[in-house]
Chemist: 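I have a structure I would like to understand better, so I am pasting it below and will then ask my questions one at a time.
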2 protein chains.
Amino acid sequence: MYKKIPKNTIHRLPLYLSVLEQLAEESQNQEEFFHSVDLEKLLNIKNSVIRKDLSYFGEFGVKGKGYNIVSLKTALKEILDINVIKKTVIIGCGNIGTAIIKYPYFTKINLEIVAGFDVDPKIIKQKINQTPVYHIDRLVDFLNKEKIQFVILAVPVHASKFILQDLITKTDIHGIINFTPISLKVPKHIKVINSYISAKILEMYFYLKNTNA
Amino acid sequence: MYKKIPKNTIHRLPLYLSVLEQLAEESQNQEEFFHSVDLEKLLNIKNSVIRKDLSYFGEFGVKGKGYNIVSLKTALKEILDINVIKKTVIIGCGNIGTAIIKYPYFTKINLEIVAGFDVDPKIIKQKINQTPVYHIDRLVDFLNKEKIQFVILAVPVHASKFILQDLITKTDIHGIINFTPISLKVPKHIKVINSYISAKILEMYFYLKNTNA
DNA sequence: TTGAGTTTGTGAATATGATCACAAGTTCAA
DNA sequence: TTGAACTTGTGATCATATTCACAAACTCAA
């Protein structure tokens, strides 16, 4: 447990890891080093920010030499708790939900999508990439039995309200990754992370309109 | 053109709009008002933040009374430039790309996905939801001819490098919405907005590990 | 018409995050 | 073995964002 990590630092940690994975793949040598300035060039994040971000978690570098690719990668995996396999479910197996189930990079972060849930009988009982899809009536039981810690919510807006209610009152989940375009009202022991696609597009609209291009 | 809008303010604008859309749907009365405190409860964003955010763009409220739902919604749409129809393309029509093409909420924000691009002959020449899919060789010409302002990039990592190069050197796009798990190196007249799904999951890992649950 | 009750919009104060700049440790060539 | 050249890690400084708190403006009931 660390004391006071800035939110933006947490946002950046996955980016660092992502670049390190690439560097590790490209490098021949296990003992290869790199500098915070190299990372700055790859990520457009100031080297001072990178060093400060890492400093919240310990000292990973060698003065005068830099960071060892492999050992920093290992450290970041530890910080982000990637080494423990996590199980989650997708609630809503429409387009977005299905795409997420098929997303190939989750194995890299030890995420296992153990089930999908939907109401459409055409989808239920099929398997999407070996992942079974059940009726949403079975969601609460499943989460409790399997001790799922967080879920991925990808249902249409109108369905989200009652599902959310069930999640809050009848299960013990601690996190929701929300692909729904609405903001979820949850008790504070539940962490919501939003991935509202339209918001990204609208941000783009704003920038396009307001830059002297 | 506004002067100095905080980044976080821009992130929040789409959320305000999203809530207002909901409120507008639910309200019977065109003349209904609401307060910043109501919004605070719906979004978990402090009312003072909401008021300050709005104040960067003008005065939309009535002292002692609040904001008119419809007119604030209209104002936000103007700020986010939603009223003008925007055209974009999806580069990479795998799972994520296809899901995005089918995403139903884009009509709400006047976004038209006019084409998809891929290299897989099985996908090319099919239509996904009325959207034609072309070979990626035709991307540059298409973007130039149709004067596309921004693209959505959803290709596998290995493909992104040369596509990015083409986008930068041979087209006049000003924005990339990046679903790729790597950070794109672009000249500064191009705005990149990242939507790296694994990052959201890793953030969740971090919070789950570091909260005394 | 009045005035108590609201709620906005916004400067000022506070808190948070980014940047700077440099001591301290390490490397490595001579 | 020495010392110039690096690069980290981190207080101090600067910049940005949030919160506070209140005047100003409006509402509405009496």
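Chain naming here is simple, since letters A, B, ... match the order of the sequence lines and numbering starts at 1 in each. Only a predicted model underlies this, so the values are computations on that prediction, with no experimental measurement involved.
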Chemist: Please report, rounded to the nearest Å, how far the C1' atom of D:dG11 is from the OH atom of A:Y56.
Modeler: 12 Å

Chemist: Kindly point out which of C:dG9, C:dT27, D:dG9 is positioned nearest to the side chain of A:S55?
Modeler: D:dG9

Chemist: Between A:K65 and C:dG25, does any side-chain N or O lie under 4.0 Å from OP1 or OP2?
Modeler: no

Chemist: Using whole Å, what does the distance between atom C1' of nucleotide C:dT6 and atom CZ of B:F34 come to?
Modeler: 16 Å

Chemist: Regarding D:dG11, can its base be found pairing with the side chain of A:K52 as donor and acceptor, where the two atoms are less than 3.5 Å apart?
Modeler: yes

Chemist: Report the nucleotide, chosen from C:dT10, D:dG9, C:dC20, that has the shortest atom-to-atom distance to any side-chain atom of A:K46.
Modeler: C:dC20

Chemist: Contact class for B:S36 vs. all strands (heavy atom < 4.0 Å): base, sugar-phosphate, or nothing?
Modeler: sugar-phosphate

Chemist: Give the rounded distance in Å between these two atoms: NE2 of B:H35 and C1' of C:dT6.
Modeler: 8 Å

Chemist: Tell me the interatomic distance from A:L72, atom CG, to D:dG9, atom C1', rounded to whole angstroms.
Modeler: 14 Å

Chemist: Tell me: CG of A:N47 to C1' of C:dA18, nearest whole Å?
Modeler: 12 Å

Chemist: Please check the phosphate of D:dG9 (OP1 and OP2 only) for any side-chain N or O of A:Y67 closer than 4.0 Å.
Modeler: yes

Chemist: Taking A:D172's backbone N and O only, do any of them form a donor-acceptor pair with A:H174's side chain (distance below 3.5 Å, no angle check)?
Modeler: yes

Chemist: Verify whether the ring centers belonging to B:F150 and A:Y207 lie closer than 6.0 Å.
Modeler: no

Chemist: So that I can tick it off, tell me whether B:K86 and B:E146 are bridged by a salt bridge, with the cut-off set at under 4.0 angstrom between side-chain N and carboxylate O.
Modeler: no

Chemist: Mind checking A:N8 for me? I need base, sugar-phosphate or nothing, with any heavy atom below 4.0 Å counting as a touch.
Modeler: sugar-phosphate

Chemist: Scan side-chain atoms only and decide if B:R12 and B:N8 contain a donor-acceptor pair under the 3.5 Å cut-off.
Modeler: no

Chemist: On DNA chain C, check which nucleotide each of A:P6 and A:S48 is closest to and give me the residue with the more 5' one.
Modeler: A:P6

Chemist: For B:K63 and B:R12, take the nucleotide of DNA chain D holding the closest heavy atom to each; which residue's nucleotide lies nearer the 5' end?
Modeler: B:R12

Chemist: Please give, in whole Å, the distance from D:dT8 C1' to A:N68 CG?
Modeler: 15 Å

Chemist: Between B:V37 and A:K7, just flag the one whose closest nucleotide in DNA chain C comes earlier from the 5' side.
Modeler: B:V37

Chemist: Between atom CZ of B:R51 and atom NZ of B:K46, what is the distance when rounded to the nearest 0.5 Å?
Modeler: 12.0 Å

Chemist: To the nearest angstrom, how far is B:L54 atom CG from C:dG9 atom P?
Modeler: 7 Å

Chemist: Expressed as a whole number of angstroms, how long is the span from A:R51:CZ to C:dG25:C1'?
Modeler: 14 Å

